[in-house]
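Below: one structure, written as structure tokens.
Positions are given from 1, in the same order as the sequence printed here. In each ligand, atom 1 is the first atom listed, and ligand 1 is the first ligand listed. The shown structure was predicted, so the numbers you read here are calculated from the model rather than taken from an experiment.
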Amino acid sequence: MEKSSRIFVAGHRGLVGSAICRELVRQGFANLILRTHAELDLTDRTATLEFFKREQPEFVFLAAAKVGGILANDSYPADFIRENLEIQTSVIDACYQSGVKRLLFLGSSCIYPKLAPQPIKEEYLLTGPLEPTNRAYALAKIAGIEMCWSYNRQYGTKFLAAMPTNLYGPGDNFDLRGSHVLPALMRKVVEAKRAGERKLVVWGTGRPRREFLYSDDLAEACIHLLNLPEDLYESLISGHQAPLINIGTGEDVTIRELAELVAKVLDFDCELIFDTTRQDGTPQKLLDVSRIHALGWKARVSLEEGIRRTYTTAQSQLELATS
Ligand SMILES: NC(=O)c1ccc[n+]([C@@H]2O[C@H](COP(=O)([O-])OP(=O)(O)OC[C@H]3O[C@@H](n4cnc5c(N)ncnc54)[C@H](OP(=O)(O)O)[C@@H]3O)[C@@H](O)[C@H]2O)c1
């Protein structure tokens with residue numbers, strides 16, 4: 001990517017898209033093309049194709065998606081599969097039709113089988129049953145990977161799919177009905193402190209192990225990938241394996257350890273209560289990140305530091321949400 005390359009970040013106001021934009025600007029990429037959901041509905045294939053033909057982006061980060069935690073995924077599976085399939089189909093096909101040089105499609109680690117061996121390698125895709133609570137979302141993302149691969153094979157495009165682990169950071173969703181575990185815990189701590197309580201209710205047994213990546217680290221990884229020299233980039237997208245790469249820290253913690261860390265960083269002295277009527281989900285989800293490490297990228301922000309940074313930037317958002 002040249003500093004003047006035309007770069008479209010789809011979903012630029014979301015957790016991932018906003019981090020990618022911040023990092024692109026920091027690195028001096030000045031020619032960003034951005035549209036809000038209201039300005040361009042990416043489920044609309046005609047409008048999306050017209051936009052691509054008019055704006056002629058050279059590089060695309062596809063970070064627009066319908067995203068949510070266990071509760072949202074379990075309650076609205078039809079919305080999750082339909083909207084994600086529609087967005088992906090519009091954007092991937094428009095990238096091909098308008099001659100985009102490279103596309104990075106953002107998926108998620110939930111594409112891997114529920115009981116995949118740990119740490120999870122890219123080649124474990126489609127080797128076993130998925131976690132039922134987010135199967136509809138995961139299948140949409142798997143279809144997106146297959147679409148990238150199929151377009152590369154049939155049309156010679158250069159589409160790559162990145163599978164980040166659980167993410168968190170500034171601009172996260174702190175609404176308890178749709179949020180992921182880390183922002184949900186932060187919000188609960190702020191609410192409990194405000195109410196003068198001394199307990200923190202955690203969903204499930206606290207035993208599942210999860211990996212968390214700070215959104216600014218993910219943004220660096222995404223730009224690193226789309227900016228790889230031709231030979232290294234080709235090694236990811238050609239051949240007999242899906243054009244797929246994991247992005248994570250390579251380290252995980254239990255949900256109990258996570259809750260303890262959130263309480264520590266937010267300075268909340270409390271008792272943890274585990275609500276075992278809630279589902280645990282997959283017992284462990286740790287990505288094998290050796291492929292991206294070999295390409296010269298490693299996560300830099302520790303979990304404690306990332307929680308601190310997220311809390312500092314989200315403090316007013318959280319105060320408002322809980323008032
Ligand atoms: N968050 C995580 O923990 C996580 C983990 C792994 C992978 N990922 C992946 O990263 C990507 C981005 O996730 P995120 O956490 O950044 O999500 P997010 O914060 O919810 O942001 C999603 C963005 O997509 C936009 N969008 C949704 N539907 C759209 C449509 N029909 N047309 C145009 N824009 C639309 C949203 O705009 P509006 O807000 O205006 O609707 C929003 O800007 C997803 O593919 C997700 O699978 C996320």
Side-chain angles (χ1 to χ4, degrees), residues 8-23 33-48 51-52 60-70 72-73 76 79-92 94 103-112 120 134 136-145 147-148 160-175 177-185 210-219 221-222 244-249 258 281-282 285 287 289 306 310 314 317:
F8 175 42
V9 183
H12 71 284
R13 294 203 296 190
L15 174 66
V16 173
S18 61
I20 291 175
C21 286
R22 281 196 301 276
E23 184 59 19
I33 305 167
L34 309 171
R35 291 293 183 279
T36 63
H37 187 168
E39 289 165 343
L40 175 64
D41 181 352
L42 294 168
T43 63
D44 182 338
R45 286 189 68 177
T46 309
T48 304
F51 161 79
F52 270 77
V60 173
F61 294 91
L62 177 43
K66 181 162 180 66
V67 178
I70 287 187
N73 268 282
Y76 309 109
D79 295 351
F80 274 85
I81 192 162
R82 184 189 61 249
E83 287 182 35
N84 284 308
L85 283 173
E86 284 176 351
I87 292 171
Q88 293 159 204
T89 304
S90 294
V91 175
I92 293 172
L103 158 71
L104 189 72
F105 165 67
L106 270 296
S108 157
S109 55
C110 66
I111 57 151
Y112 292 113
I120 308 171
N134 54 19
Y137 174 76
L139 278 168
K141 293 293 181 184
I142 292 171
I145 299 166
M147 259 187 102
C148 289
L160 177 63
M163 297 306 123
T165 189
N166 301 295
L167 303 170
Y168 68 102
D172 213 335
N173 172 9
F174 293 97
D175 178 347
R177 287 163 303 178
S179 60
H180 292 106
V181 57
L182 211 163
L185 284 172
R210 291 289 180 274
E211 179 186 13
F212 296 93
L213 178 69
Y214 189 58
S215 59
D216 286 2
D217 269 343
L218 171 75
C222 291
L244 180 64
I245 187 155
N246 291 341
I247 309 180
T249 61
L258 178 72
T282 309
K285 241 168 72 174
L287 293 180
V289 286
T310 305
Q317 190 186 346

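Closer than 4.0 Å to atom 36 (C) of ligand 1 lies none of the heavy atoms of the protein. The protein reaches atom 41 (O) of ligand 1 closely, with a heavy atom under 4.0 angstrom from it.
In terms of the side chain to side chain contact (heavy atoms under 4.5 Å, CB included) criterion, residue partners of Arg13 (sequence neighbours excluded) are, by chain and number, Thr36. Listed by chain and residue number, nothing satisfies the ring-ring contact (aromatic ring centres under 6.0 Å, His included) test with Phe105 (two or more places apart in sequence, or in another chain).
Distance alone, capped at 3.5 Å, is enough to place a donor-acceptor pair between the Lys141 side chain and the Leu106 backbone.
The Ile87 neighbourhood of ligand 1 comprises atoms 28 (N), 29 (C), 30 (C), 31 (N), with distances under 4.0 Å to a heavy atom of that residue. Per-residue contacts place Lys141 under 4.0 angstrom from the following atoms of ligand 1 (heavy atoms of the residue considered): 44 (C), 45 (O), 47 (O). The distance from ligand 1 to the heavy atoms of Val16 drops below 4.0 Å at these ligand atoms: 10 (O), 12 (C), 13 (O), 14 (P), 16 (O). For ligand 1, the atoms lying closer than 4.0 Å to a non-hydrogen atom of Gly11 are 23 (C), 24 (O), 43 (O). Of all atoms in ligand 1, listed by their number and element, those nearer than 4.0 Å to a heavy atom of His180 are 1 (N), 2 (C), 3 (O). Residue Thr165 approaches ligand 1 through these ligand atoms, each under 4.0 Å from one of its heavy atoms: 5 (C), 6 (C). In the vicinity of Leu40, heavy-atom distances shorter than 4.0 Å reach the ligand 1 atoms 32 (N), 33 (C).
Between Leu106 and ligand 1, at least one N/O pair is under 3.5 Å apart. Where the criterion is an N or O separation shorter than 3.5 Å, residue side chain and backbone included, Pro164 fails it with respect to ligand 1. Between Lys66 and ligand 1, no N or O atom pair is found at a separation short of 3.5 Å. For the pair Ser108 and ligand 1, the shortest N or O to N or O distance does not fall below 3.5 Å.
Among Glu83, His37, Gln88, the residue whose heavy atom lies nearest to atom 38 (P) of ligand 1 is His37. Across Ala65, Cys110, Pro183, heavy-atom proximity to atom 27 (C) of ligand 1 is greatest for Ala65. Among Leu167, Leu213, Leu62, the residue whose heavy atom lies closest to atom 2 (C) of ligand 1 is Leu167. Of the candidates Ile20, Val9, Asp41, it is Asp41 that places a heavy atom closest to atom 31 (N) of ligand 1.
Residue contacts with ligand 1, taken as heavy atom pairs separated by less than 4.0 Å, do not involve Met163 at all. With a 4.0 Å heavy-atom cut-off, ligand 1 is reached by no atom of Thr36. Contact annotation: for Phe105 versus ligand 1, there are no heavy atoms closer than 4.0 Å. With a heavy-atom cut-off of 4.0 Å, Val67 touches ligand 1 through its side chain alone.
Centroid-to-centroid, the aromatic rings of Phe61 and Phe8 stay 6.0 Å apart or farther.
Note that OG1 of Thr89 and CD1 of Ile92 are 7.0 Å apart. Values are rounded to the nearest 0.5 Å. For the atom pair CG of Leu213 and OG1 of Thr165, the computed distance is 7.0 Å after rounding to the nearest 0.5 Å.
For the ligand labelled ligand 1, residue Tyr137 lies inside the 4.0 Å heavy-atom shell.
Heavy atoms only, all atoms of each residue included: Ile87 and Ala64 are closest at CG2-O, 3.6 Å. Closest approach of Leu15 to Ser18, counting heavy atoms only: O-OG, 3.3 Å.
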